[in-house]
There are 2 protein chains.
Amino acid sequence: MAATLCNVSTSRPPRTRRTATGERRAAYDPETLLEVAARVFTERGYDGTSMEHLAIAAGITKSSIYHHVPGKEALLSAALDRALDALFAVCDEPQSTTGAAIDRLEHVIRRSVEILDEELPYVTLLLRVRGNTDTEQDALERRRTFDRFVTKLVAEAAQDGDLAPEIDPGLTTRLVFGMINSITEWYHPGRGVTVHELADAVVAVALRGRQA
Amino acid sequence: MAATLCNVSTSRPPRTRRTATGERRAAYDPETLLEVAARVFTERGYDGTSMEHLAIAAGITKSSIYHHVPGKEALLSAALDRALDALFAVCDEPQSTTGAAIDRLEHVIRRSVEILDEELPYVTLLLRVRGNTDTEQDALERRRTFDRFVTKLVAEAAQDGDLAPEIDPGLTTRLVFGMINSITEWYHPGRGVTVHELADAVVAVALRGRQA
DNA sequence: GTCTATAAATTGATAGAC
DNA sequence: GTCTATCAATTTATAGAC
């Protein structure tokens, strides 16, 4: 079983502490550590990230990290769950389960872009994972489950005649979600395009011809 | 400056050698080592790949690798150049420089998919690189130059009225090439769809509405 | 062109002081 | 909740025999 982050839900509000040089600043908050870890894992790769790298990025020592989490893999697991939980929540939304397939598909596509914006560091990390550890393989399996949900929507929409039938649903899903996922390569929230412009552009390219 | 792979162009045909157990097999060919390295770098990440990992995958010892290349980074550099040289060759093809912008764009898109097929291990590696070393940053800079070439084509085609003008050329390029690049996540040559079906599907999704 | 042996640095993780 | 000090294992790379 995958390791889990300890104390995330029971964390107290941050207090202050003194650094080695006597400088006062906020003591560490497990939430912040998780985001720092997700970012560094994404930049350097999970294997390429040492506890020392994380410690420097977080501004504490290696040993202090072990006070918050049992180890490196627990940080990875918690960060990946964060992205996956958000994506699966979309599948359970009423707009994803009722109405015409093409409308449910558009809703899932738009919400996926929004989650990419809201949970950017965690979604980006999820997309970089290649299955080298048990934790990564568990995450990839959950990703495949999400893909199957979307593929079914594409197939239904094609059967309804609301999508060009000449391309395979699985191939369409891969290309469209490949396009969505590639947004993590360059998107920075609050800089350049907005989330809504982005979602419009994706829907325009992916479902064009169907658009009003 | 980036390190370079030594002896690639002057390599002799493979001979035979004995392993520790006396088994006879082909002696090492620098070309093969480069492909093995690209594949392992892609699977485990460059930082996550040790010389020991490469040695096991190549079937020789760590020390023997140092006979062929000056170090780990030289292998990375040579593999990335292979992908980038192929992409830049496309920019120089006559169909990429003459005719209507929309036709030049379609040609570059189709050829990009073909190069992804022909040089899969090297292109896949190129797309995983994040700029953590000088070698990686040089590669990213060359990738950006290629992107600018394509962005110009998209802008020209939009000005000609051959592409929907409502989306920004830069954004379109990012989304379309994000879609193309995502193919490396699941495509295996000779299994499932063919390169031509793939190129057709990409052009259909990317330039739909303009298609015959 | 391959190997064994080894060097010097870095790795993930622990012990225990404050 | 943080730190210093340390451990055993692994890392990149070299020396030199065959």
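Below, chains carry the letters A, B, ... as their sequence lines are ordered, and counting in each starts from 1. Note: hydrogens, waters and symmetry copies are ignored here, and every other heavy atom, side chains too, is used.
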Strictly below 4.0 Å, N to O, side chains only: are B:R104 and B:E93 in salt-bridge contact? no
A:E52 CD - D:dT10 C1' separation (whole Å): 16 Å
For A:G48 and A:S63, take the nucleotide of DNA chain C holding the closest heavy atom to each; which residue's nucleotide lies nearer the 5' end? A:G48
Check every atom of C:dT2, D:dT12, C:dT11 against the side chain of B:Y66 and return the nucleotide holding the closest atom. D:dT12
Length of the NE2-P vector between A:H68 and C:dA13, whole Å: 16 Å
If you take atom types as modelled and just measure distance, does the side chain of A:T61 reach the base of D:dT4 with a donor-acceptor pair under 3.5 Å? no
Interatomic distance where CZ belongs to B:R44 and P belongs to D:dT10 [whole Å]: 13 Å
What contact category does B:K72 fall into here, base, sugar-phosphate, or nothing, at under 4.0 angstrom with non-hydrogen atoms? sugar-phosphate
Counting just side-chain N and O atoms, does B:S64 come under 4.0 Å of either OP1 or OP2 of C:dC3? yes
A:K72 vs A:E52, test: salt bridge (charged side-chain N to carboxylate O under 4.0 Å, His left out). Steps then yes/no. CA-CA 11 Å; A:K72 198 177 153 184; A:E52 185 67 25; over 6 Å; no
To the side chain of B:K62, which of C:dT11, C:dT2, D:dT12 is closest? D:dT12
When rounded to whole Å, the CE to C1' distance for the pair B:M51 and D:dT12 reads 7 Å
Round to a whole Å and report the spacing from CD1 of B:I60 to C1' of D:dA13. 15 Å
Let me know the distance between CD1 of B:I56 and P of D:dT10, rounded to the nearest Å. 11 Å
Rounded to the nearest angstrom, tell me the gap between atom CG in B:L54 and atom P in D:dT10. 17 Å
In Å and rounded to the nearest 0.5 Å, what is the CZ to CG distance from A:F146 to A:L126? 10.0 Å
Inspect the contact between B:R110 and B:E106 and indicate whether a charged nitrogen and a carboxylate oxygen are less than 4.0 angstrom apart. yes
D:dT2 OP1/OP2 closer than 4.0 Å to side-chain N/O of A:H67: no
Side chain of A:S50 only, please: which of D:dG1, D:dA13, C:dT11 is the nearest? C:dT11
N-O pairing of B:D85 and B:R142 below 4.0 Å: yes
Atom CG of B:D47 to atom P of D:dT11: distance rounded to whole Å? 13 Å
Of the nucleotides D:dT11, C:dT11, C:dT2, which has the atom closest to the B:H53 side chain? D:dT11
